[in-house]
Amino acid sequence: MSAWLDEIVSEERLLLPGHAACAGCGPAINIRHVLDGLAAAKPESKIVLVVPASCWTIIAGVYPVNAFGVSVHLTPFASAAAEASGLKAALRLRGRGETTVVVWGGDGSTADIGFSGVSAAAERNEDIVYVLNDNEAYMNTGVQKSGATPEGAWTTTTPAAAPKSGQKKDMARIMAAHGIPYVATLAAGSVPMLHDFRAKVARAAEMSGFRFLQVLGGCPPGWRYPTAQSTEVIRLAVESRYFPLVEVDHGAWEITFRPKHPVPVRDFLATQGRFAHLAAGQIESIQSHVDERWELLAGLASRAD
Ligand SMILES: Cc1ncc(C[n+]2csc(CCOP(=O)(O)OP(=O)(O)O)c2C)c(N)n1
Ligand SMILES: [Mg+2]
């Protein structure tokens, strides 16, 4: 086993056993690697986790119970970025400015309801790590469509007879347009993808200013797949180019993981009941949008060469 993987397997975990996430929760894997990765990169810095209303309000537990090995600050839906900005300022005033303030915000709060606060904090270049925990719908309240829900998906507000129309909001490009120091997309679908994931967390840890990480995590009840399939579904999301892994480091775009043999997007869609109603023509249309977005990102990356 390589040294970095050895370290990951043996490291102390900041998401503690006994938490209340569903079986197979993809974000539960992701948050562990975000927190453990930040702690490993800057062992001298404490972490404060800021969580807006989401599944993670429940998973974190009710005071005095805490599912994390770090302090957690729960916020209303729309104010996580503002509260994280204030926490960082207060910590600085108290001589504890080295503390890493991390937001773990769902796609509902980040891409939709709290977006004005996220955009404003990015524009001010607040010194925080903002993580978009992207499970592609409002899951905690029963799978309602968000701006990050993909084209064609079933949700309870976009039933199979009238599934989500229009494409997933492109948060990586939107956040990169703010000119912040670092934007990256992350997914833990395989060991090489995890290597990419941890390198991005380490890169974010060594910078200051507004850092934005978009982490894709599967939701067995919301995406409708068996609980043991979370890693495989995410692997196919990346291997099909449905979810490209990119990095924007001080404005320079890079595609950090290029599938050697990309699989058709239908292989990814076929793993999940939320796409079961799609006809061949709709799948073709999704494939063409996946291809177009890949070309667009490849164009942005080639300009950085
Ligand atoms: C202003 C406001 N509107 C609605 C809610 C109800 N609510 C709590 S969690 C949640 C879903 C959040 O979705 P997302 O941000 O994607 O996080 P996830 O549940 O998927 O982890 C909603 C709608 C709320 N708490 N506050
Ligand atoms: Mg969500």
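Both counts, for ligands and for their atoms, begin at 1 and track the order of listing. Numbers here simply count residues along the sequence, with the first being 1. The shown structure was predicted, so the numbers you read here are calculated from the model rather than taken from an experiment.
- Here the closest heavy-atom approach between residue Thr155 and residue Val143 is recorded as CB-O, 3.3 Å.
- For Lys169 and Phe115, the positive end sits near the middle of the six-membered ring, less than 6.0 Å away and at most 45° from its axis.
- The protein residues lying under 4.0 angstrom from ligand 1, judged by non-hydrogen atoms, are Ala53, Ser54, Cys55, Phe77, Gly106, Asp107, Gly108, Ser109, Asn135, Ala137, Tyr138, Met139, Asn140, Thr141.
- Between Phe210 and Tyr130, the two ring planes are parallel [angle under 30°; tilted spans 30° to 60°].
- For the pair Lys168/Glu151, no side-chain contact is recorded, criterion being any heavy-atom separation below 4.5 Å from C-beta on.
- The shortest distance between side-chain heavy atoms of Val263 and Arg241 does not fall below 4.5 Å.
- The aromatic rings of Phe275 and Phe268 sit tilted, their planes meeting at an angle between 30° and 60°.
- Between Arg203 and Asp249 there is a salt bridge, since at least one side-chain N of the basic residue sits less than 4.0 Å from a carboxylate O of the acidic one.
- Minimum heavy-atom separation, Leu297 to Ile255: C-CD1, 4.1 Å.
- Less than 2.8 Å away from the Mg ion (ligand 2), the protein contributes these N/O/S atoms: Asp107 OD1, Asn135 OD1, Ala137 O.
- His277 and Trp154 have their aromatic ring centers separated by at least 6.0 angstrom.
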